[in-house]
Number of protein chains: 2
Amino acid sequence: MAKEKDVTIYDLANELNISVATVSRALKDDPVVSKKTKKKIFDLAEKMGYRTNLFARNLRTGATRTIGFLVHELNSNFINSVLSGVEKITTEAGYDLIIAHSSESYTKEAANARNLFDKRVDGLIASLSFDTRSTDHFRPFIDKGVPVIFFDRVEKVKDTTVVVIDNYKCGYEATSHLIEQGCKKILHVTSSLSRNVYAERYRGYRDALFDNGISLDEKLVVVNDLSERAGIESAKKMMAIDPLPDGAFITNDFVAAAFIKALKEHGISVPGDVAVVGFNNDAIGHLIEPTLTTINYPGIEMGEVAATALINHLKGVSNISRINTVIINSDLIVRESSLKKGK
Amino acid sequence: MAKEKDVTIYDLANELNISVATVSRALKDDPVVSKKTKKKIFDLAEKMGYRTNLFARNLRTGATRTIGFLVHELNSNFINSVLSGVEKITTEAGYDLIIAHSSESYTKEAANARNLFDKRVDGLIASLSFDTRSTDHFRPFIDKGVPVIFFDRVEKVKDTTVVVIDNYKCGYEATSHLIEQGCKKILHVTSSLSRNVYAERYRGYRDALFDNGISLDEKLVVVNDLSERAGIESAKKMMAIDPLPDGAFITNDFVAAAFIKALKEHGISVPGDVAVVGFNNDAIGHLIEPTLTTINYPGIEMGEVAATALINHLKGVSNISRINTVIINSDLIVRESSLKKGK
DNA sequence: ATGAAAGCGCTAACAA
DNA sequence: TTGTTAGCGCTTTCAT
């Protein structure tokens with residue numbers, strides 16, 4: 001198949017004996033061009049299979065109408081709901097999305113950021129990876145005036161906006177709920193405490209214990225990744241503790257599911273012996289047995305809020321740099337896995 | 001923050017009193033430029049924060065080193081493993097990925113295809129959405145000589161390569177396994193039969209029944225989408241059948257999980273009353289109870305194979321147009337949900 | 001080993 | 001309402 005030469009506005013202009021300027025204007029539906037000429041041009045463009053050369057346009061205008069979406073992983077329900085929220089808004093506004101994920105690696109995240117910068121995105125929506133130690137890779141965007149919005153896993157960087165839930169409150173509520181159910185010794189399975197989300201939930205856990213007169217035992221805090229293996233390992237770790245904890249607050253539903261499964265295989269009953277609360281409200285939570293008590297984390301809404309703020313800023317409707325932090329509602333969903341007392 | 005002007009090769013050239021041609025050559029590590037000059041240029045580029053303008057380059061060269069990845073959904077484990085396989089290969093080869101998903105909509109798929117075409121991707125890897133009725137939107141790629149590879153949900157289009165598993169065989173094996181376990185009346189829950197994957201699995205189901213002297217009952221074939229709701233509805237549908245079927249072959253693990261859950265809630269035991277086989281080998285399969293018998297569908301491998309074929313073609317190492325179809329291995333994983341006979 | 005200059009396809013300021 | 005023309009930043013051919 002021979003590569004056909006692309007049709008350009010010059011071809012259209014030649015064919016119709018008009019200038020490229022008119023063609024260019026017609027193509028962007030400039031009201032200054034007469035209906036007749038427009039029609040002629042559109043028809044011919046269609047007929048000749050004309051496609052805008054975006055590189056030429058971008059080169060010329062310096063704007064790409066493209067938003068970067070930079071996240072740690074794509075295979076998480078939460079990130080996917082955020083993505084669909086973002087996509088809804090950006091699509092409506094006529095922006096394209098370039099998605100990059102870092103597989104939880106700082107190096108890859110930095111490389112992706114660099115890449116998105118080179119691709120000249122008009123704005124960036126990002127959630128940090130596990131081991132991101134610095135936010136220097138976002139500097140170029142900020143210096144150049146490209147708006148950056150962080151969500152979920154965030155870091156306060158000057159001139160950026162963050163969209164989050166109140167992780168502290170959620171951690172506090174989850175833990176309080178377990179205490180209300182009679183738990184006295186509560187395991188906390190979480191991830192890198194240098195990430196805000198986990199650090200905040202941990203603070204909530206700690207304060208809830210404190211406020212209820214339970215002393216914090218560092219041995220009950222298990223830091224791991226968000227894999228199935230992490231759930232199984234945490235379960236093993238817990239079973240080695242004597243006496244056995246009677247509750248567990250796990251910052252991820254998938255990990256919680258694996259955790260519960262492992263416990264049950266060793267004859268430990270949930271919630272009878274150990275009450276469990278997860279986090280995120282993934283679909284898996286009501287497919288397992290017992291169904292999982294969890295924190296509802298509204299991803300779609302978060303994505304919509306983040307994208308709307310960004311788009312409004314780009315349109316000049318509002319100025320993002322005034323907004324420091326947006327907090328989205330979230331709440332505890334009580335199901336079977338935590339109910340020691342019956343309903 | 002004022003938008004700083006981008007540094008260009010002209011700035012570098014001016015600063016060093018050399019020509020832009022030399023700078024351009026140095027930047028792409030052309031051996032013809034002396035080491036000394038190169039070093040000067042690289043150092044200055046670093047110091048001034050120079051970043052290549054990809055639009056200018058692409059406009060000039062006509063190649064983008066970008067691959068399009070066009071799929072129906074992103075929130076599926078299977079698609080995500082394919083993606084990670086693809087990404088591994090493309091990244092190694094120095095290609096970027098643009099990801100587009102159509103939310104199972106034909107219209108959106110066509111729009112995405114058009115968009116990727118405008119973005120001038122060098123190649124395309126795609127899996128069709130549910131209700132895709134035509135493949136005309138891939139024509140422009142083929143006509144222009146841009147290689148297209150389909151995987152999973154495919155359609156034979158001239159001059160394209162497809163990467164698939166043997167869905168017929170899998171359907172046959174899953175059904176035969178249920179029959180071996182003593183099932184005589186087997187429900188089949190699947191999705192749009194106009195998509196190759198479901199059509200083939202259905203053929204396998206039908207032939208396995210036939211080969212075992214069981215007559216096909218169209219009322220036992222339930223076509224639905226791949227949602228949790230689909231699982232629940234299918235369960236309800238089945239419970240209305242008298243006498244109750246004793247086996248179910250469900251072409252998606254997630255749907256199967258919801259299905260089993262619904263049955264159990266109505267006091268029907270799995271596998272005791274109904275033996276169940278799923279499809280895909282998602283993580284959820286061994287977190288639920290009973291653990292789910294399923295077909296292993298190796299996404300990563302599939303992604304690697306598809307991407308490798310594409311890249312090799314682009315590099316001119318091999319010619320894709322010779323290859324019609326690649327079939328990836330897949331097999332039955334027997335777990336608890338289908339074992340009526342014990343092990 | 002380096003430079004001069006044309007041109008990729010498009011937009012927009014200015015002119016008519 | 002339409003046309004002319006100067007670039008956007010880069011690569012590459014042809015000279016030197």
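Residue numbering restarts at 1 for every chain, and letters A, B, ... go by the order of the sequence lines. Bear in mind that the values here come from a model prediction, so they are computed numbers and not experimental data.
Side-chain proximity of B/T22 to C/dG3, C/dG7, C/dC10: nearest is C/dG3. Taking only side-chain atoms of A/S19, from C-beta outward, the nucleotide of D/dT2, D/dT11, C/dC10 with the closest atom is D/dT2. Side-chain proximity of A/A21 to D/dT12, C/dC10, C/dA12: nearest is C/dA12.
In the interface, the side chain of B/R25 is paired with the base of C/dG3 through a donor and an acceptor atom under 3.5 Å apart. The base of D/dC8 is not paired with the side chain of B/Y10 by any donor and acceptor separated by under 3.5 Å.
Salt bridge annotation for B/D43-B/K39: present, with a cationic side-chain nitrogen under 4.0 angstrom from a carboxylate oxygen. Ion pairing between a basic and an acidic side chain is recognised when a charged N comes within 4.0 Å of a carboxylate O; B/K40 and B/E15 show no such pairing. Residues A/K108 and B/E87 are paired through a salt bridge, judged by an N-O separation under 4.0 Å between the basic side chain and the carboxylate. For B/K38 and B/D30, the salt-bridge test fails: no basic side-chain N is under 4.0 Å from an acidic carboxylate O.
Mapping A/N53 and B/N17 onto DNA chain C by nearest heavy atom places B/N17 closer to the 5' end of the strand. Nearest-nucleotide mapping onto DNA chain D: of A/T37 and A/V20, the residue sitting toward the 5' end is A/T37.
In this structure, CD in A/E304 is found 7.5 Å from CD in A/E301, a value given to the nearest 0.5 Å.
In this entry the distance linking CZ of A/R57 with P of C/dA12 reads 9 Å, nearest Å. Distance B/L16 CG to C/dA1 P: 18 Å, rounded to the nearest Å. Note: CG (B/L59) to C1' (C/dC8) measures 4 Å, nearest angstrom. When rounded to the nearest whole Å, the span between CD1 of B/I41 and P of D/dT11 equals 12 Å. Put simply, CG on B/N58 is 12 Å from C1' on D/dT11, counting in whole angstrom units. The CG atom of B/D30 sits 11 Å away from the P atom of D/dT13 (whole-angstrom rounding).
Residue-level contact check: A/I18 touches the backbone only, with heavy atoms under 4.0 Å from sugar-phosphate atoms and none from bases. Note on A/T61: only backbone sugar-phosphate atoms sit closer than 4.0 angstrom, heavy atoms only; bases stay farther off. Residue B/S34 is classed as a sugar-phosphate contact, given heavy-atom separations below 4.0 Å to backbone atoms only. Contact annotation for B/V32: base contact, defined as any heavy-atom pair under 4.0 Å involving a base atom.
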